[in-house]
Structures are given as C-alpha cells and as structure tokens.
Amino acid sequence: MVAVTGVSATTTVGARAPIALADLHGSLADPVLDSMTFLNEIAGRFPDAVSFAAGRPYEEFFEVEAVHRYLRRYCDHLRDEHGMGERQVNRVLLQYGRTKGIVHDLVATNLSVDEGMDVDPEAVVVTVGAQEGMFLVVRALRTDPRDVLLAVSPNYVGIRGAASLVDMTTLPVRDGSWGIDLADLARVVRSARAAGQRPRALYLVPDFANPAGASLDTDTRVAVLRAAAEHDLLIIEDNPYGLFHAGGERPATLKAMDDECRVVYLGSFAKTGMPGARVGYVVADQPVAGPGGTGLLADELSKIKSMVTVNTSPLAQAVIAGKLLEHDCSLVRANEREAQAYRRNLRHVLDGLAARFGQGAGVSWNTPGGGFFVVVTVPFVVDDALLERSARDFGVLWTPMHHFYADGGGRHQLRLSVSLLQPPQIEQGLDRLAALISEVRPV
Ligand SMILES: Cc1ncc(COP(=O)(O)O)c(C=O)c1O
C-alpha cells in the first residue's frame, strides 16, 4: 500500500473497507454453507483422531496405476467400438467436450445392467459430482420466491446448500419409521400451498440415506410415487449408496419404477467409481415444452451447466468409463471388494456398539441394512462444542446430527460413518466414544 502525502498519515491508496457479509449473496450467511467447512476444519485440526466423521469411501483399494489402465481401456473402446483414429481420440480426451458429457451411453448401459433402468442416453447429463446435478436441478426449478423444495429430513447438507444458492426455501418432511412419513408429506404440501408457496419437488435418498441410514421398502416406494402423482411433485432421487447393501435383495430404484417421468435421478461415481474424479450425473427425461417445440429437461439442465462448469472434465469421464468397461458396465461387479469391506465395517460398528452400550445405558442406535452411516442417540445434548471436546480430549471424531436438520432436530444424536476405517481403528474409536459418553452422560 502507498501512503498518500498531504492527506493523512493513515490514509492509504488501495485500502478498502471490508465487504459486509450482508452485501454478499444471502446463502453465505446460511449456516448450512458453513457445515462442511466446520466439519473439515475440525478434522484438519485433529488429524490423529479416529474419524467416524467423513462419509468418504474406503481407501485401501485406491491405486493410481488403475487410472492409467482405465484411460487406456476407454481409448481402446473409442478406437475399437467407435472406429476413431488417434486424432479423434486425442480430441475426445483433451479438447473441450460435449456439455451433456461423453460417457452418457455407458452411464445408460450401467443403469440398465445394475438397476434394470431403461434410460435414453440423451436424458443423461454427466456432471461434476452429484453435487453439481443438485445445483442444476434446483436452479432450473426455482422460478420465483414461491417455489419451494421438500426434502426428507434429516437430509444431506448438499441439497439444502444447493437450494440456498438459488434462494429456494427447503421445507423438511419427517422421515418417520419408514424412511418417509407420507402423512407429514401431505401436511407439508397442504400448508405450503395454503401459504401461497409452490412445492416443486421432493428430494430423498431412498437407499441407506445420508445421514439416517434408512432405506425405503418396495411398498413405501410405490406409495411415494403415488403420493408424488397425487400432489403433483417431481421426485429428486439421490442414490450414491444403493449398491452397498448388507445382503439380500435390493429394492428397485424409484426411477426404475417411474412410468410417469416424475423422477429426476441423481447418480454419483464418488463411492462406486473414484471420488477424486468428481463425476456424477443426472437422468432428467421429463419432456419440456417451449416455443421451439418439446425437448428434455436434461437439455435445459445442460444449458445451465454450460454456464457453470462448461463440461465435466473429459479426462475424468474417461477414467470412470474405463472402470465401467473393465467390469462390463457393472458397478456391482467393480465394487465387490469395497461392498464387502463396508458390510464388514457396518457389522463391526453395530457389534461394537452392542458390546459397549448394552442394556440400560441410555444409548441407542439404528440398524441400517447397508450404506455408510449409523445414528447413535444419547441422553445428553450433542453439539459442535462436544465434538471439539471429543476430538481434543478423547481422540475421536463423528458428526453432530443437528447439521442435517434445518429445524433444530437431532440435538441428542450423532452420526458414525463406517466407510473409511479398518476394524482395529473401529475398536479404538468405539472405546474412545464410550469413554466420552461415560464422562458426559448424566448420572
Ligand atoms: C446423499 C449424498 N448425495 C450426494 C453426495 C455427493 O456426491 P458427489 O461426491 O458425487 O458430488 C453425497 C456425498 O457424500 C451424499 O451423501
């Protein structure tokens, strides 16, 4: 900075009053946008703590060499199946790419192989993670302040954050004992409409939800589709964990059961492909009528994407495509070892909780049928200060459930993520959690 002579000793060129937070977009004051930062920050400050906090995929099978193999595999596919020469292969991988993505056909094949879904590749938009997909969908749906999003609560902070970025109010719908309380859905729709609001869509994670771990059975899925038709809502189905069930039959996705184009499906390759690739997708086969004729919602989302990320990195898409091709487009096959590790860890955590907090301890937990998350209920308030104390004094991290509620719920609950740890760390982490609980529990 340069002092300006003849004005005042303290006046400097270039000095500027701080920008008032109130002069920035309102979402920046929304606590939901601070949640991820806070949780990452605390994990960063206590790197030696055993972490049940991050819902990150298992790292033991990570292998950089696989990236090279997948790239080679996709290039061979372009040459052998699409008859491309070297120049074209180079262009596909290294040039700017198609806005809706270059691996849409393989995504559609994967959904057919693993989920029995019949998807038009043109209805697929390949995104920078499911998170971008959420943003595209809420941006498209929010036309004026009356438009609101319904979200089964507790819910993933990413959906509330995306809605907040586009000034869209999120109304919570209780999850109840079946993963969604349909009576509460009807009540929320009724009262929103009575207040002049327009419920546009219902967001939910029907398989091993983040954070509650709950899954909808087939009857509930049928009832959700019926309720969406009755209330004239779109459904945003987010399914990052569906492959990781603890055994038995997997119920069909809502999208596979959707014969009215009511479901917008969000897919993520973060847990099934490779989180570092940052690739996800949206299936949006809803017809959209406009002055130029009728197209697909996917094409409208693509227009938004062209102004947000232009296109998803073709290199990252190629890596995911190579992994798909290596496993005949089945992520079930590609993730056999991972699914086994998650099943083992889930069993380990549930057995470990039972061993430490048997009868009468005032501590309870749910028993998810798969996925990454277990919710523990305790007889005291669970807040960010307790998390900090847990990390500092007991060396164990977890996530306070209140972060997943917009309306002050979850004050006596914490989420344990089982995905990242090995059994000895799980044992150590649960011992530390037990020590914290016995210290804080009222006598
Ligand atoms: C329910 C849910 N949806 C979406 C995401 C984010 O997916 P992506 O990493 O593909 O953006 C997560 C990540 O934890 C999640 O739990």
Side-chain angles (χ1 to χ4, degrees), residues 32-33 35-37 39-40 43 51-59 101 103 107 110 124-138 149 151-163 165 170 172 175 179-180 201-216 235-244 253-255 263-283 301 305 308-309 312-313 316-317 319-320 323 331 335 338 342 368 370-375 398-399 401 403-405 415-420:
V32 76
L33 265 71
S35 278
M36 291 224 197
T37 316
L39 296 167
N40 286 334
S51 180
F52 291 108
R56 295 181 168 199
Y58 199 61
E59 293 176 352
V103 300
V107 170
N110 163 246
V124 175
V125 185
V126 184
T127 53
V128 181
Q131 186 63 40
E132 188 194 18
M134 285 176 212
F135 177 79
L136 301 181
V137 175
V138 293
L149 176 71
V152 172
S153 177
N155 45 46
Y156 176 56
V157 291
I159 188 65
R160 270 191 290 131
L165 290 183
T170 307
D175 60 349
I180 178 167
L202 168 70
Y203 167 88
L204 77 170
V205 182
D207 296 88
F208 318 124
N210 180 7
S215 287
L216 272 49
I235 292 174
I236 303 173
E237 177 179 27
D238 186 7
N239 186 17
Y241 306 104
L243 297 192
F244 304 121
T253 64
L254 291 170
K255 187 67 194 157
V263 180
V264 176
Y265 184 86
L266 298 175
S268 169
F269 291 112
K271 296 358 186 242
T272 55
M274 190 180 295
R278 297 301 300 132
V279 180
Y281 59 91
V282 185
V283 178
L301 300 182
K305 179 174 173 65
V308 182
T309 53
T312 301
S313 158
Q317 293 184 67
V319 170
I320 296 298
K323 182 164 184 175
L331 290 171
N335 282 281
E338 286 80 357
Y342 297 137
F372 284 16
F373 308 110
V374 175
V375 175
W398 33 266
T399 308
M401 278 292 284
H403 284 276
F404 304 107
Y405 285 87
R415 186 195 73 176
L416 300 181
S417 173
V418 309
S419 52
L420 197 56

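Atoms within a ligand are numbered from 1 in the order they appear, just like the ligands themselves. Quick caveat: nothing in here was measured; it's all calculated off a predicted structure.
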Between A130 and ligand 1, is there a nitrogen or oxygen pair with a distance under 3.5 Å? yes
Any idea which protein heavy atom is nearest atom 13 (C) of ligand 1, and the distance to it? K271 NZ, 3.0 Å
Quick one: are F52 and V374 in side-chain contact, heavy atoms under 4.5 Å? no
Check the pair N210, R415 against side chain to side chain contact (heavy atoms under 4.5 Å, CB included), reporting the backbone distance first and the verdict last. CA-CA 9 Å; N210 180 7; R415 186 195 73 176; 2.6 Å; yes
Within the structure provided, determine whether V107 and F269 are in side-chain contact (heavy-atom separation under 4.5 Å). yes
How are the rings of F372 and Y342 set relative to one another: parallel (under 30°), tilted (30 to 60°) or perpendicular (over 60°)? tilted
Measure the distance from atom 10 (O) of ligand 1 to every protein heavy atom, then report the residue, atom name and distance (to 0.1 Å) of the closest one. S268 OG, 2.6 Å
Which ligand 1 atoms, with their elements, are less than 4.0 angstrom from a heavy-atom of Q131? 11 (O)
protein heavy-atom neighbour closest to atom 9 (O) of ligand 1 works out as R278 NH1, 2.8 Å
In ligand 1, the atoms that come under 4.0 Å of a heavy atom of M134 are 3 (N), 4 (C)
Apply side-chain hydrogen bond (donor to acceptor under 3.5 Å, both in side chains) to residues K323 and T272 and explain how you reach the verdict. CA-CA 10 Å; K323 182 164 184 175; T272 55; over 6 Å; no
Tell me whether P240 reaches ligand 1 (any heavy atom closer than 4.0 angstrom to a ligand atom). yes
Nearest-contact summary for atom 6 (C) of ligand 1 - protein heavy atom, Å: Y156 OH, 3.5 Å
Considering only heavy atoms of A270, which atoms of ligand 1 have at least one such atom less than 4.0 Å away? 9 (O), 10 (O)
Side-chain contact, heavy-atom cut-off 4.5 Å: H403 with M36? no
Please report the C-alpha distance between K305 and V128 in whole Å, then the side-chain angles of each, then the deciding distance to 0.1 Å, and finally whether the side chain to side chain contact (heavy atoms under 4.5 Å, CB included) criterion is met. CA-CA 10 Å; K305 179 174 173 65; V128 181; 4.1 Å; yes
Working for side chain to side chain contact (heavy atoms under 4.5 Å, CB included), residues L416 and F373: CA-CA 6 Å; L416 300 181; F373 308 110; over 6 Å; no
May I ask you to identify the nearest protein heavy atom to atom 3 (N) of ligand 1, giving residue, atom name and distance to one decimal place in Å? D238 OD2, 2.5 Å
For atom 15 (C) of ligand 1, what is the nearest protein heavy atom, given as residue, atom name and distance? Y241 OH, 3.5 Å
